[in-house]
Amino acid sequence: MTNFILPARLPFNYLSVVNSHGWRQLAPFGFDENTSTLSYTFRASNGRVMQINMNDARTGVAVDVKGRLSKLEVNEIREAITWMFALDADYSSFYEVARREQKLRKAIKFAYGRVLRSPTLFEDVVKTLFTTNTLWGATKNMTKKLIASFGDPLPGSDLKAFPTPESIAASSPEVLKETVRVGYRAPALHELAVRVASGELDLESLKQSTLPSLELRKELLKINGIGPYAAANLLLILGRSDYIPIDSWALKLVSYEWYEGGPVTAKEVERAFEKWGMYKGFAFWFWDWKYTGG
DNA sequence: GGTAGACCTGGACGC
DNA sequence: GCGTCCAGGTCTACC
């Protein structure tokens with residue numbers, strides 16, 4: 001067993017990150033409600049697949065991995081978890097702004113701002129593609145089937161790692177449609193995998209991009225299947241808060257917050273959060289909404 | 001720049 | 001068990 005603690009820039013709240021959105025429900029993540037352990041089936045660059053267990057260490061993340069790891073593997077795991085939990089991110093300027101608004105008090109109290117990420121942006125783009133024009137149950141199914149069909153197995157278990165771009169690229173849109181049930185998304189998924197695998201599209205470099213959000217958004221919108229909602233979602237994952245991921249749920253939230261459940265368009269959502277400027281995405285995401293579903 | 005319609009899957013519902 | 005309807009963003013064609 002290899003275990004260590006990765007410290008976070010404070011303030012940090014482990015569960016706020018884990019629960020920041022639905023990602024923890026998507027394979028190869030797993031979450032144990034009783035112990036609050038977040039697990040992830042990780043594939044190192046040398047092809048070794050291992051199960052990482054993460055838990056709350058108050059000021060950081062406690063990490064457990066079964067078996068002896070090489071120095072290279074430990075470094076890759078450290079790097080992956082630092083990215084997944086945005087451990088070195090600084091949200092103090094957002095909190096300064098949030099102090100003015102009662103509906104954002106919880107953001108300060110629970111150190112909101114970090115959004116749980118997958119180790120690679122490729123995985124997050126694929127998962128975001130799977131959230132478009134479908135229900136959450138189908139998103140979970142598509143992710144599960146993609147992993148079952150193309151992921152490398154964790155020895156001695158039924159678990160598999162998220163597939164590499166190469167393994168998906170080696171397939172075909174027809175197979176993706178039939179076996180992963182991604183429907184009309186199949187050509188977009190396959191094209192993305194081919195572009196990343198061939199090196200034509202360096203998605204991972206966008207993690208460290210210093211491009212203005214507007215330019216970064218343009219890059220994301222060039223990906224087939226990624227429209228305004230998906231791009232805004234990915235920008236938030238990348239720590240950019242300038243755009244709001246406006247889907248049908250967002251319209252519902254804003255409708256019940258300010259329009260008594262009446263019809264609302266994307267323009268009203270934009271207008272409601274306009275004053276938050278570069279923090280409008282965070283303000284929307286971490287708003288203390290009246291409507292909670294049902 | 002705005003809008004209508006097609007694209008698929010899977011769940012709900014009625015029979 | 002089968003058929004129908006509906007929800008859910010993106011893309012393309014058209015105005």
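Just so it is clear: chains get the letters A, B, ... in the order the sequence lines come, proteins before strands, and each one is counted from 1.
For A/R99, the CZ atom sits in a packed shell: over 12 heavy atoms of surrounding residues, nucleotides or ligands are nearer than 6.0 Å.
Among the protein residues, A/K140 comes within range of no part of the nucleic acid, since none of its heavy atoms lies under 4.0 Å from any strand. Looking at heavy-atom distances under 4.0 Å, A/I223 makes contact with sugar-phosphate atoms alone, never a base. As judged by a 4.0 angstrom heavy-atom cut-off over every strand, A/A230 is placed among residues touching the sugar-phosphate backbone only. Nucleic acid contact class of A/S248 (heavy atoms, under 4.0 Å, all strands): sugar-phosphate only.
Chain A approaches DNA chain C within less than 4.0 angstrom (heavy atoms of the protein), and the contacting nucleotides run 5' to 3' from C/dG8 to C/dC11.
Going from atom CG of A/N141 over to atom P of B/dC8 covers 18 Å, rounded to whole Å. Counting to the nearest Å, the C1' atom of B/dC8 and the CG atom of A/L189 are 14 Å from each other. Distance A/W136 CH2 to B/dG11 P: 15 Å, rounded to the nearest Å. Protein atom CE of A/M142 is 13 Å distant from nucleotide atom P of B/dC8, rounded to whole Å. If you take CG of A/L129 and P of B/dC7, they are 18 Å apart, rounded to a whole angstrom. Rounded to whole Å, atom C1' of B/dC8 lies 12 Å from atom CG of A/L135.
Where A/G225 and A/T134 meet DNA chain C, the nucleotide closest to each residue was compared, and A/T134 sits on the side nearer the 5' end. When each of A/N133 and A/K145 is assigned the nucleotide of DNA chain B bearing its nearest heavy atom, the one mapping closer to the 5' terminus is A/N133.
In this structure, A/R185 and A/N133 approach most closely via the heavy-atom pair NH2-O, 3.1 Å. Nearest heavy atom pair, residue A/S20 against residue A/V115, reads OG-CA, 3.5 Å. Here the closest non-hydrogen pair linking A/K145 and A/T179 is CD-O, 3.7 Å.
Between B/dC7 and A/R185, no contact under 4.0 Å exists linking OP1 or OP2 to a side-chain N or O.
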Task: Protein proximity profile, nucleotides 1-6 of chain B - base contact B, sugar-phosphate-only contact S, no contact -, cut-off 4.0 Å on heavy atoms - done: ------
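Side-chain rings of A/W287 and A/F282 stay apart, their centers remaining 6.0 Å or farther from each other.
By the 6.0 Å and 45° rule, A/R217 stacks over the aromatic ring of A/Y243. Figure legend: cation-pi geometry between A/R117 and A/W83, with NZ or CZ positioned under 6.0 Å from the six-membered ring centre and within 45° of its axis.
With respect to A/R271 and A/E268, a salt bridge is recorded, a charged nitrogen being found less than 4.0 Å from a carboxylate O.
Results of the side chain to side chain contact (heavy atoms under 4.5 Å, CB included) test with A/I168 over A/V175, A/V180, A/L146 single out A/L146 as the only residue that passes.
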